Structures are given as structure tokens and as C-alpha cells.
Engineer: 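This is the structure I have questions about; it appears just below.
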Amino acid sequence: MLVDWPLDRLRDYLPTRDEPTDFDDFWAITLTESRAEHWPARFVPYDAGLSTVEVYDVTFPGFAGQPVRGWFLLPRHASGRLPCVVEYLGYGGGRGLPHDWLTWSAAGYAHLVMDTRGQGSNGKLVGDTPDPDPVGLPQAPGFLTRGIGNPHHYYYRRVLADGVRAVDAARAHPRVDPDRVVVTGGSQGGGITVAVAGLVDGLAAAMPDVPFLSHYRRAAEITDALPYGELVSYLKTYHGDVDQVFATLSYFDGMNFAARASAPALFSVALMDSVCPPSTVFAAYNHYASGGKEIAVWPYNGHEGGAGVQRAKQIRWLRNVLTGDVVGRIHSPGKSSGRQPRTIGRSRSAADSSMEA
């Protein structure tokens with residue numbers, strides 16, 4: 001069944017953003033401190049038994065210089081610097097194995113898959129990156145409320161900083177064109193995509209699918225599906241923490257990152273999605289500051305969104321973006337945010353990578 005408002009209302013939905021006054025300073029300090037703990041990313045050749053793809057086992061410095069794992073795939077017979085797709089993962093999943101990630105290298109791109117710290121035990125894709133948690137305070141089972149009492153200790157501060165540093169690592173690789181880096185992901189990965197699009201300048205494109213991590217208060221009020229259900233479960237127990245919880249989450253709300261994004265974007269939303277309700281997706285999309293944006297709407301789908309059909313749409317759309325056929329002429333329904341994009345900046349020289357035999 002439809003889980004939210006009619007599409008016409010969703011297209012016009014532009015909720016007021018709850019933005020902390022020190023939002024930009026918070027993220028500038030977070031990224032500056034993380035980049036200060038720099039060491040060269042390692043790309044170690046990995047025999048995955050694949051004849052058309054070069055595979056590298058990646059370790060790069062994430063939040064506070066903590067090691068983050070990943071995979072890096074290159075089309076074997078390509079030459080020169082390539083566009084690179086940096087991909088973030090859905091909730092509970094890890095980097096899995098290289099053969100799980102063949103689409104973007106088959107399409108001719110370099111492809112960096114970022115492991116998500118502490119995740120990878122959902123029974124599908126194994127993870128390899130621990131999350132050193134310095135707080136250890138009570139939380140609901142899962143990740144959404146880990147450290148939620150303070151934005152400096154919140155779990156997604158570390159994850160989103162990892163996402164930015166993954167772009168830094170990709171840009172520094174000698175086979176990657178640093179001006180043609182694209183970010184993408186679904187669900188949690190879509191939420192990370194929106195955040196990185198707001199934190200990093202000069203991205204070639206962003207492709208968030210059915211993104212999580214946006215408009216938290218509305219999500220908590222209209223769905224009890226996980227992962228947002230973790231937030232509801234926590235607040236059922238810690239009644240006095242409501243104001244602090246939403247104050248923390250305001251530093252990590254996709255709407256606030258979207259208002260700072262400038263890269264062309266292809267979103268997707270499913271109108272029968274109870275996991276990431278459509279109004280939470282449109283809240284981020286309608287605030288997304290780039291004029292070069294569009295959203296694919298899947299009226300009869302749940303959290304799977306457009307699945308393989310959406311991926312085919314991404315492949316065609318990204319090809320057009322990178323050849324200059326889309327930027328500046330994409331139709332964007334709904335209201336604009338009325339706000340100029342503001343970005344935190346990037347550092348290429350701080351992300352030098354190394355290749356190991």
C-alpha cells in the first residue's frame with residue numbers, strides 16, 4: 001500500500017530544516033581533524049579469479065585516521081585516468097567479495113566500494129572494518145542510536161567522515177581522474193551519498209537511491225520499520241532525551257547536506273517504501289541545491305526501489321552527465337530550496353595513495 005502522501009504533495013514538500021548554527025564549523029573541524037591523521041591509502045592487488053577486472057584490496061584512513069577497508073575495481077584493458085564511482089553500502093551490509101560489485105567496472109569506470117565500519121553481519125555481505133566506539137553508552141540494538149547523546153560521539157559522524165575520505169582516496173589514485181568522481185549508494189548508502197555531496201566540492205555527480213538518514217523526526221512519527229524503528233525504540237525508553245536526540249540528529253540530516261550540494265544528482269524514491277518513507281526522500285531531494293537534478297519515482301515498489309531497472313537508468317544517466325549532455329537541463333520537480341550551495345571543501349594532496357605488490 002501507499003505509505004505516505006500523494007505524489008503531487010510530495011513533489012512540493014519542502015519542510016523547514018532544523019540546522020544547527022555551527023553546522024558548517026562542526027563538519028569543517030571533523031574533516032580537518034580526520035585529514036590531519038593522514039597516511040597513504042593502500043591498494044593491494046587481489047586475485048579474485050576475474051579475467052576482465054583488476055581488483056585491489058583497499059585500506060584507507062577514515063575518521064580520525066582509523067583504517068577503513070574497501071575494494072577497488074578497474075576494467076582490465078582500460079588505459080589512462082578513468083572516472084570513478086565511489087559506492088556506499090546499505091544498512092547492515094559490508095563490502096562482501098569483489099564479484100558482488102561488477103557493474104561499474106563493466107561500464108568502464110573505476111569503482112571504489114567503501115566498507116561501513118562496524119557493519120557486515122546481515123547475512124548477505126561480510127564486513128571487515130571495526131568501529132572503535134569511545135563512548136559505550138546505552139543504545140537501541142543497531143547503529144542509529146549509537147552515541148546519539150552527543151553529536152561528537154555519534155556513530156554517523158565517523159561513517160560520514162569515512163565517506164568523504166573514501167572520495168579523497170579515490171581522487172589520489174593514479175588511475176582516477178579526480179575531476180570525475182561520482183558518489184552513489186542505496187538506503188544507508190544513499191544517505192551517505194547525499195551527505196558527501198554536501199560536504200565535498202567538485203564531484204561529477206551523485207546518485208542516491210531511496211536514501212536513509214533524512215528528516216528523522218517525520219520518519220520516527222510515520223514508520224516503525226527498521227532502522228528508523230530503532231530511534232522510536234530508544235525514545236520509548238529514554239523519555240527525557242527527546243530534545244537532545246533530535247538536536248544531535250540535526251547535524252546528520254540529509255536535508256541540511258542537500259542544501260549544500262552542487263553536483264548533478266539522480267535520486268530515486270518508492271511510494272510503497274515503509275523503510276525510507278517517500279516524504280523523507282523528497283525532503284532531501286527538494287532541498288538539494290543543484291539545478292541539475294531529477295528523481296525516478298517507483299509508484300508500486302517498496303524499499304527495493306527500481307532495483308535493476310534503476311541501475312540501468314543510472315548507467316545511461318551517468319554516461320550523459322560525464323559527456324556533458326545532462327548538466328544544466330535536467331527537469332527538477334518541486335520547489336527549489338532558495339539557498340545557494342555551500343560546501344566544506346576537499347583536499348587532494350592530503351589523500352596520496354600507494355600501490356602495493
Side-chain angles (χ1 to χ4, degrees), residues 4 10-11 13-20 23-24 26-27 30 86-91 116 143-144 148 151 154-164 167 183-200 203 205-223 227-228 230-231 245-270 273 275-290 293-296 303 305 332 334-337 339 341-344:
D4 213 324
L10 293 169
R11 289 192 185 277
Y13 184 51
L14 197 72
T16 301
R17 295 186 295 108
D18 179 15
E19 180 183 302
F23 183 92
D24 289 317
F26 175 86
W27 282 107
T30 296
V86 177
E87 185 161 1
Y88 309 112
L89 310 181
Y91 195 79
T116 310
F143 302 93
L144 189 57
I148 203 166
Y154 187 47
Y155 171 74
Y156 280 102
R157 181 184 184 221
R158 302 188 288 279
V159 172
L160 300 186
D162 292 346
V164 171
V167 171
V183 289
T184 192
S187 192
Q188 174 183 256
I192 299 171
T193 296
V194 173
V196 173
L199 291 171
V200 177
L203 293 172
M207 299 185 295
D209 277 339
V210 291
F212 180 45
L213 305 174
S214 179
H215 206 2
Y216 295 95
R217 192 180 290 270
R218 175 158 176 81
E221 292 172 351
I222 67 172
T223 184
Y228 284 122
E230 296 172 17
L231 180 58
V245 162
F246 287 110
T248 293
L249 291 174
S250 66
Y251 289 89
F252 306 91
D253 194 317
M255 292 191 293
N256 293 334
F257 294 115
R260 292 160 166 78
S262 58
L266 173 63
F267 280 67
S268 74
V269 63
D273 185 354
V275 176
C276 293
S279 57
T280 68
V281 175
F282 270 98
Y285 174 75
N286 288 337
H287 275 293
Y288 195 88
S290 172
K293 65 180 180 180
E294 67 174 281
I295 187 165
H303 195 52
S332 63
K335 301 175 182 177
S336 74
S337 66
R339 180 185 186 109
R342 290 186 291 160
T343 51
I344 304 300

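Hydrogens, waters and symmetry mates are skipped; everything else that's a heavy atom, side chains included, is used. Keep in mind the model is a prediction, meaning the values are calculated, not measured.
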Engineer: For Tyr228 versus Leu213, what's the shortest heavy-atom pair and its separation?
Structural biologist: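 So the minimum-distance heavy-atom pair works out to OH-N, 3.1 Å.
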
Engineer: Is the closest side-chain heavy-atom distance between Ile192 and Phe257 below 4.5 Å?
Structural biologist: no

Engineer: If every non-hydrogen atom of Val281 is compared with every non-hydrogen atom of Cys276, which pair is closest and at what distance?
Structural biologist: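 Val281 and Cys276 have their closest heavy atoms at CG2-O, 3.9 Å.
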
Engineer: Could you list the residues that satisfy side-chain hydrogen bond (donor to acceptor under 3.5 Å, both in side chains) with Tyr156, not counting sequence neighbours?
Structural biologist: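 Here the qualifying residues are Gln188.
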
Engineer: Partners of Asp209 by side-chain hydrogen bond (donor to acceptor under 3.5 Å, both in side chains), sequence neighbours excluded?
Structural biologist: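 side-chain hydrogen bond (donor to acceptor under 3.5 Å, both in side chains) check on Asp209 returns Ser268, Gln310, Gln314.
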
Engineer: May I ask you to test the Val275-Pro227 pair for a side-chain heavy-atom distance under 4.5 Å?
Structural biologist: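 Side chain of Val275 against side chain of Pro227, heavy atoms only: contact under 4.5 Å found.
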
Engineer: Of the non-hydrogen atoms in Pro277 and Asp4, which two are nearest, and what is the gap between them?
Structural biologist: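 Smallest interatomic distance, heavy atoms only, reads CB-OD2, 3.6 Å.
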
Engineer: Assess the residue pair Phe282 and Ile295 against the criterion (side chain to side chain contact (heavy atoms under 4.5 Å, CB included)); give the C-alpha distance rounded to whole Å, side-chain angles, the decisive distance to 0.1 Å, and a yes or no.
Structural biologist: CA-CA 9 Å; Phe282 270 98; Ile295 187 165; 4.0 Å; yes

Engineer: Decide yes or no for Thr116 and Tyr88: does some side-chain heavy atom of the first lie under 4.5 Å from some side-chain heavy atom of the second?
Structural biologist: no

Engineer: Any salt bridge linking Arg260 with Asp24? Criterion: basic side-chain nitrogen under 4.0 Å from a carboxylate oxygen.
Structural biologist: yes

Engineer: Evaluate Leu144 against Phe212 for side chain to side chain contact (heavy atoms under 4.5 Å, CB included), listing each step before the verdict.
Structural biologist: CA-CA 11 Å; Leu144 189 57; Phe212 180 45; 3.9 Å; yes

Engineer: By side-chain hydrogen bond (donor to acceptor under 3.5 Å, both in side chains), which residues pair with Thr184, not counting sequence neighbours?
Structural biologist: none

Engineer: What is the distance from atom OH of Tyr288 to atom CD of Glu294, rounded to the nearest 0.5 Å?
Structural biologist: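 Nearest 0.5 Å value for the OH-CD distance: 12.5 Å.
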
Engineer: Could I get the full list of salt bridge (Lys or Arg N to Asp or Glu O under 4.0 Å) partners for Arg157, not counting sequence neighbours?
Structural biologist: Glu33

Engineer: Pick from Val200, Val196, Val194: which one makes a side-chain contact (heavy atoms from CB on, under 4.5 Å) with Val183?
Structural biologist: Val196

Engineer: Here's a test for you: under side-chain contact (heavy atoms from CB on, under 4.5 Å), which of His215, Arg217, Arg218 qualifies with Pro15?
Structural biologist: His215

Engineer: Ring pair (Phe, Tyr, Trp, His ring centres under 6.0 Å) between Phe143 and Tyr155: does it pass, once the steps are laid out?
Structural biologist: CA-CA 7 Å; Phe143 302 93; Tyr155 171 74; 5.2 Å; yes

Engineer: Compare every heavy atom of Ala270 with every heavy atom of Gly305, then report the nearest pair and how far apart it is.
Structural biologist: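 Looks like CA-CB, 4.0 Å.
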
Engineer: Could you walk me through whether Val164 and Trp27 satisfy the side chain to side chain contact (heavy atoms under 4.5 Å, CB included) test, starting with their C-alpha distance in whole Å, then the side-chain angles of each, then the deciding distance to 0.1 Å, before giving a yes or no?
Structural biologist: CA-CA 11 Å; Val164 171; Trp27 282 107; over 6 Å; no

Engineer: For a 4.5 angstrom cut-off between non-hydrogen side-chain atoms, does Ile148 reach Leu249?
Structural biologist: yes

Engineer: Enter the distance from Met255:CE to Asp18:CG here, rounded to the nearest 0.5 Å.
Structural biologist: 8.0 Å

Engineer: Do you know which two heavy atoms are closest between Gly190 and Pro208, and how far apart they sit?
Structural biologist: O-CB, 3.6 Å

Engineer: Side chains of Phe252 and Pro151: closer than 4.5 Å at any heavy-atom pair?
Structural biologist: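 Result yes, sub-4.5 Å side-chain heavy-atom pair found.
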
Engineer: Which heavy-atom pair separates Pro278 from Leu10 by the least distance, and what is that distance?
Structural biologist: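 Distance-wise, the nearest heavy atoms are CB-CD1, 3.7 Å.
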
Engineer: Can you tell me if Ser214 uses its side chain to pair, donor with acceptor, with the backbone of Thr280 under 3.5 Å?
Structural biologist: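 Present.
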
Engineer: Should His303 and Ser187 be marked as a side chain to side chain donor-acceptor pair (under 3.5 Å) after you check the CA-CA gap, both sets of side-chain angles, and the distance that decides it?
Structural biologist: CA-CA 8 Å; His303 195 52; Ser187 192; 2.7 Å; yes

Engineer: Mark yes or no: Lys293 above the aromatic ring of Phe267, with NZ or CZ under 6.0 Å from the six-membered ring centre and no more than 45 degrees from the axis.
Structural biologist: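 That pair does not qualify as a cation-pi contact.
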
Engineer: Could you check if a side-chain atom of Phe23 sits within less than 4.5 angstrom of a side-chain atom of Arg17, using non-hydrogen atoms only?
Structural biologist: no

Engineer: How far apart are the C-alpha atoms of Tyr251 and Tyr154, what are their side-chain angles, what is the distance that settles it, and do they pass the ring pair (Phe, Tyr, Trp, His ring centres under 6.0 Å) test?
Structural biologist: CA-CA 10 Å; Tyr251 289 89; Tyr154 187 47; over 10 Å; no

Engineer: Under the rule for salt bridge (Lys or Arg N to Asp or Glu O under 4.0 Å), what residues qualify as partners of Asp253, not counting sequence neighbours?
Structural biologist: none

Engineer: Looking at residues at least two apart in the chain, or sitting in another chain, which of them share a side-chain hydrogen bond (donor to acceptor under 3.5 Å, both in side chains) with Tyr91?
Structural biologist: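 side-chain hydrogen bond (donor to acceptor under 3.5 Å, both in side chains) check on Tyr91 returns Glu230.
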
Engineer: With a 3.5 Å distance limit and no angle check, can you tell me whether Thr30 reaches the backbone of Phe26 through a side-chain donor-acceptor pair?
Structural biologist: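 Yes: the side chain of Thr30 pairs with the backbone of Phe26.
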
